[in-house]
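In what follows, a single structure is set out as structure tokens and then discussed.
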Amino acid sequence: MVVSVLATWAALIVLLLAPAALPEPWQYYIYSPASVGLWMLTMLLAPVVVCAVKWPWIKSGGR
């Protein structure tokens with residue numbers, strides 16, 4: 001379960017940092033307070049969803 005949560009958080013962090021390569025004017029819209037708030041909410045809820053979906057895999061010990 002820990003691996004699932006850490007992998008989910010790593011993917012979300014990569015998605016947060018990926019737009020940094022875009023031109024400066026676009027970053028304002030991507031890093032707006034609303035989108036950062038949604039990202040923070042996703043950091044809390046996405047691991048729960050991943051664990052629910054992958055529960056058979058987690059229960060079997062990753063086999």
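From a predicted model like this one, the values you see are computed outputs, not experimental measurements. By convention here, the first residue in the shown sequence is residue 1.
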*Pair listing, side-chain hydrogen bond (donor to acceptor under 3.5 Å, both in side chains) test, anchored in residues 32-51, at least two apart*: Ser32-Ser35

*If you look only at pairs with a residue in residues 7-25, which of them pass as a side-chain hydrogen bond (donor to acceptor under 3.5 Å, both in side chains), with sequence neighbours excluded?*
none

_Hydrophobic clustering (ILVMFWY, side-chain heavy atoms < 4.5 Å, transitive) - are Ile30 and Leu17 grouped together?_
yes

*Are the side chains of Tyr31 and Pro19 in touch, meaning some heavy atoms are under 4.5 Å apart?*
yes

*Could you tell me the separation between the CG atom of Leu6 and the CD1 atom of Ile13, rounded to the nearest 0.5 Å?*
9.5 Å

*Identify the heavy atoms of Trp57 and Ser4 that sit nearest to each other, and give their distance.*
CZ3-OG, 3.6 Å

*Which atom of Gln27 lies closest to which atom of Ala20, heavy atoms considered*: NE2-O, 2.9 Å

*May I ask whether Val48 and Leu15 are part of the same hydrophobic cluster, defined by side-chain heavy atoms of I, L, V, M, F, W, Y residues being less than 4.5 angstrom apart, directly or through others?*
no

*Would Leu22 and Leu38 show up in the same hydrophobic cluster when neighbours are defined by side-chain heavy atoms closer than 4.5 Å?*
no

*Tell me, yes or no, whether the heavy-atom count around Met40 atom CE, taken from other residues, nucleotides or ligands under 6.0 Å, exceeds 12.*
no

*Please answer: with hydrophobic residues joined when any side-chain heavy atoms are less than 4.5 Å apart, are Met43 and Val2 in the same cluster?*
yes

